[in-house]
Q: 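One structure, as structure tokens, below. Some questions next.
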Amino acid sequence: MKYGCQSMVDKITDVMIKRPQEAFKNQEHLNKYSEANIYYGIPDYEKCLEEFEVFEKILRDNMNVHYLPEDEITSLDSIFAHDSLKITKKGAIYFNMTKDVRKNEAEAAEAFLKTLGIPTLGYIKAPGRMEGGDVLWLEDNRVAIGLSYRTNAEGIRQFTELTKDFIDEVITVPMPHAIGDTEVLHLMSVISPVDKDLAVVYSRYMPVFFREMLIEQGVELLEVDDDEYNYLGCNVLAIAPREVIVIEGVPKIQKKLEDAGCKVYTYPGDEISIKETGGGVCFTAPLTRVKEESK
């Protein structure tokens with residue numbers, strides 16, 4: 001299949017996801033392992049299926065969806081297919097993830113993507129660490145990477161070396177401590193690009209130089225307030241330029257998006273997103289994005 005995804009906003013034609021049926025398995029499995037995955041309560045399995053079905057239908061109506069199978073080596077968090085890899089035009093880069101229960105996700109993803117014909121470009125190896133939520137394409141030859149509790153300097157060095165033939169600039173963005181090292185604070189926790197000149201942001205946690213750089217480059221910033229940030233209002237998946245998926249329950253940022261000319265799809269996420277602290281961006285590993293005109 002055609003592959004390559006060096007953009008956050010170009011139209012997704014192919015995406016990889018893992019459904020709760022395969023990641024969570026059943027209520028007993030959730031009851032047993034939710035605490036180890038540091039969830040805010042134990043999700044209701046049947047409600048997770050119902051909520052995710054709404055999200056999945058939006059994807060299926062707009063792109064080809066490829067499903068990671070159930071396995072015996074990954075945890076509940078494998079539902080967040082975004083974090084274990086990035087797909088470049090030269091193949092997949094698989095990450096050494098920081099959270100212990102997520103260490104095997106790259107192995108499972110590689111085994112599946114090989115069946116689709118997607119080659120492996122390389123790996124981030126210990127002591128390097130990296131997670132997909134910290135890797136933000138600015139252009140197809142420029143990438144910003146969050147230096148966070150989940151991604152370290154050695155991981156960024158290895159990523160830079162693997163992509164040196166086709167990436168002209170790697171920008172390291174130091175992330176704040178915020179509320180602690182047990183919380184997920186990726187670079188993409190504070191910014192979701194929705195077009196080449198439009199992004200949803202939470203400026204409270206955004207480094208000043210990075211915010212100013214975006215503004216200087218002509219990117220309009222749609223600010224999420226504290227309440228909606230805590231409800232994953234900054235987790236906005238662009239499936240095409242100005243065509244996005246957001247969680248239900250963030251009306252202020254939804255209106256800002258619509259006022260900016262965006263088509264907005266929503267899905268319910270009380271069980272499938274809020275308790276696990278992950279939204280539409282986290283659920284999806286885009287395999288192919290293709291350029292189209294901004295809407």
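Quantities reported herein were computed from a predicted structural model and do not represent experimental measurements. These values consider heavy atoms only, across backbone and side chains, with no hydrogens, waters or symmetry-generated copies.
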Q: Got a sec, which pairs hit salt bridge (Lys or Arg N to Asp or Glu O under 4.0 Å) with one end in residues 80-95, sequence neighbours left out?
A: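 For residues 80-95, and leaving out neighbouring residues, the salt bridge (Lys or Arg N to Asp or Glu O under 4.0 Å) pairs sorted by first residue read D83-R102.
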
Q: Sequence neighbours excluded and cut-off under 3.5 Å, please list the side-chain donor-acceptor pairs for residues 207-217, or say none.
A:
residue, atom, partner, partner atom, Å
R211, NE, S203, OG, 2.7
R211, NH2, E223, OE2, 2.9

Q: Are any of the side-chain heavy atoms of Y39 and D77 separated by less than 4.5 Å?
A: yes

Q: Are I167 and Q6 side-chain neighbours, meaning at least one heavy-atom pair lies under 4.5 Å?
A: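 Side-chain contact under 4.5 Å: yes.
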
Q: For the residue pair G218 and D197, what are the closest heavy atoms and their distance?
A: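 Closest heavy-atom pair between G218 and D197: O-CB, 3.6 Å.
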
Q: Check side-chain hydrogen bond (donor to acceptor under 3.5 Å, both in side chains) between K275 and all other residues, then give those that pass, not counting sequence neighbours.
A: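 Partners of K275 under the side-chain hydrogen bond (donor to acceptor under 3.5 Å, both in side chains) test: E271.
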
Q: Quick check on F112: does its CZ atom have over 12 non-hydrogen neighbours (other residues, nucleotides or ligands) under 6.0 Å away?
A: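 Yes, CZ of F112 has more than 12 neighbouring heavy atoms, counting only those of other groups under 6.0 Å.
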
Q: With side chain to side chain contact (heavy atoms under 4.5 Å, CB included) as the test, would you mind laying out the steps for K256 and I253 before giving the verdict?
A: CA-CA 5 Å; K256 288 181 181 181; I253 197 61; 3.9 Å; yes

Q: Any Lys/Arg nitrogen of E28 or K32 sitting under 4.0 Å from an Asp/Glu carboxylate oxygen of the other?
A: no

Q: Any side-chain heavy-atom pair from L59 and I245 closer than 4.5 angstrom?
A: yes

Q: Answer whether the closest heavy-atom distance between the side chains of S34 and L76 falls below 4.5 Å.
A: yes

Q: Looking only at heavy atoms, what is the nearest atom pair of S75 and E105, with distance?
A: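 That would be OG-OE2, 4.3 Å.
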
Q: Once you round to the nearest 0.5 Å, how far does CG of L198 lie from CG of L257?
A: 7.0 Å

Q: Could you check whether any side-chain heavy atom of L49 comes within less than 4.5 Å of a side-chain heavy atom of E46, counting everything from C-beta outward?
A: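 Sidechains of E46 and L49: in contact.
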
Q: Taking only residues two or more places apart in sequence or in another chain, which ones pass side-chain hydrogen bond (donor to acceptor under 3.5 Å, both in side chains) with H29?
A: none

Q: Tell me which donor-acceptor pairs under 3.5 Å the side chains of residues 138-146 have, and how far apart each pair is, sequence neighbours excluded?
A:
residue, atom, partner, partner atom, Å
E139, OE2, R142, NH1, 2.9
N141, ND2, D168, OD2, 2.7
R142, NE, E169, OE1, 2.9

Q: Do Y123 and N96 make a side-chain contact, defined as non-hydrogen atoms from C-beta onward lying under 4.5 Å apart?
A: no

Q: Quick check: is L287 connected to I58 through a chain of hydrophobic side chains (ILVMFWY, heavy atoms under 4.5 Å apart)?
A: no

Q: Does D61 have any salt bridge (Lys or Arg N to Asp or Glu O under 4.0 Å) partners at least two apart in sequence or in another chain, and if so, which?
A: K57

Q: Applying the 4.5 Å side-chain criterion to the ILVMFWY set and letting contacts propagate, would L68 and I79 be lumped into a single cluster?
A: no

Q: F80: what forms a ring-ring contact (aromatic ring centres under 6.0 Å, His included) with it, not counting sequence neighbours?
A: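 For F80 the ring-ring contact (aromatic ring centres under 6.0 Å, His included) partners, ignoring immediate neighbours, are F283.
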
Q: Taking everything shown except K47 itself, do over 12 heavy atoms lie less than 6.0 Å from its NZ?
A: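 No, not enclosed.
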
Q: Do Y265 and E243 meet the criterion of a side-chain donor-acceptor pair at a distance under 3.5 Å?
A: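 There is such a pair (donor and acceptor under 3.5 Å, judged by atom type) between the side chains of Y265 and E243.
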
Q: Considering residues at least two apart in sequence or located in another chain, which fulfil the side-chain hydrogen bond (donor to acceptor under 3.5 Å, both in side chains) criterion with Y202?
A: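 For Y202 the side-chain hydrogen bond (donor to acceptor under 3.5 Å, both in side chains) partners, ignoring immediate neighbours, are R204, D226.
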
Q: Rounded to the nearest 0.5 Å, what's the gap from NZ on K103 to CE on M97? Could you check?
A: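 Going from the NZ atom of K103 to the CE atom of M97 covers 9.0 Å.
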
Q: Please enumerate all residues that pass side chain to side chain contact (heavy atoms under 4.5 Å, CB included) together with T288, with sequence neighbours excluded.
A: M1, K2, Y3, T13, D14, V290

Q: Are Y94 and I124 side-chain neighbours, meaning at least one heavy-atom pair lies under 4.5 Å?
A: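 Counting from C-beta outward, Y94 and I124 never come under 4.5 Å.
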
Q: Not counting sequence neighbours, which residues clear side chain to side chain contact (heavy atoms under 4.5 Å, CB included) with A178? List them please.
A: L185, Y205

Q: So, E154 and R157, do they make that salt bridge, N to O below 4.0 Å?
A: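 Looking at R157 together with E154, the answer is yes, because their closest N to O distance falls below 4.0 Å.
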
Q: Any non-hydrogen side-chain atom of I191 less than 4.5 Å from a side-chain atom of M206?
A: yes

Q: Measuring from atom CG of D181 to atom CZ of R150, what distance do you get when rounded to the nearest 0.5 angstrom?
A: 9.0 Å

Q: Scan the side chains in residues 15-22 for donor-acceptor partners under 3.5 Å anywhere in the protein, sequence neighbours excluded, and list what turns up.
A:
residue, atom, partner, partner atom, Å
K18, NZ, D71, OD2, 2.9
K18, NZ, T74, OG1, 3.1
K18, NZ, S78, OG, 3.0
R19, NE, E22, OE1, 2.9
R19, NH2, E22, OE1, 3.4
R19, NH2, E22, OE2, 2.9

Q: For E258, what residues pass the side-chain hydrogen bond (donor to acceptor under 3.5 Å, both in side chains) criterion, not counting sequence neighbours?
A: Q254

Q: Is there a chain of hydrophobic side chains (I, L, V, M, F, W, Y, each step under 4.5 Å between heavy atoms) that links V246 to I274?
A: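 In one cluster: yes.
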
